[in-house]
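Structure, as structure tokens:
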Amino acid sequence: MTLLELLVVLAVVGVVAAVVLGAVRGGLDEPVGSLPPSGVPEGELHPADVADVRFSVGFRGYRMREVDEVLDRLGDELGRKDDEIARLRGEASGAGPRTEVASTGWTAPEGS
């Protein structure tokens, strides 16, 4: 047996022993996201905030999950603003506070 063969055998035996004894563990680390934030700030949204939104371009275009999250949030915020506008218009017309908004079907509690 040559010196090179002896070294290869010792290396293989050493790696196998390390795996058996638990010194070498398999598996991968938890994935870490590397996407930049979309640019939508927390709190109340304004038209300028929407204009500043930029989505990361993936292999085949925009990342659908990221776009869907922003669009869902924008839809919710706009719905709340529409409800508030309808309520304020009802109060301003002298009819008193409105309790139902037809566009969303949302019903406000009495006295609010």
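Residues take their numbers from the sequence shown, with the count starting at 1. Please read all numbers here as calculations on a predicted model, not as lab measurements.
- Using a 4.0 Å cut-off between charged nitrogen and carboxylate oxygen, Lys81 and Glu84 do not count as a salt-bridge pair.
- Proximity of Asp76 to Arg73: side-chain heavy atoms (C-beta onward) are nowhere separated by under 4.5 Å.
- Remark: side-chain polar atoms of Glu5 are paired, donor with acceptor, to backbone N or O of Thr2 under 3.5 angstrom.
- Expressed to the nearest 0.5 Å, how far CG of Asp82 lies from CD of Glu77 amounts to 10.5 Å.
- Two residues are said to be in side-chain contact when any heavy atoms from C-beta on lie closer than 4.5 Å; Asp83 and Arg87 fail this criterion.
- Note: Leu74 CG to Glu69 CD = 12.0 Å, rounded to the nearest 0.5 Å.
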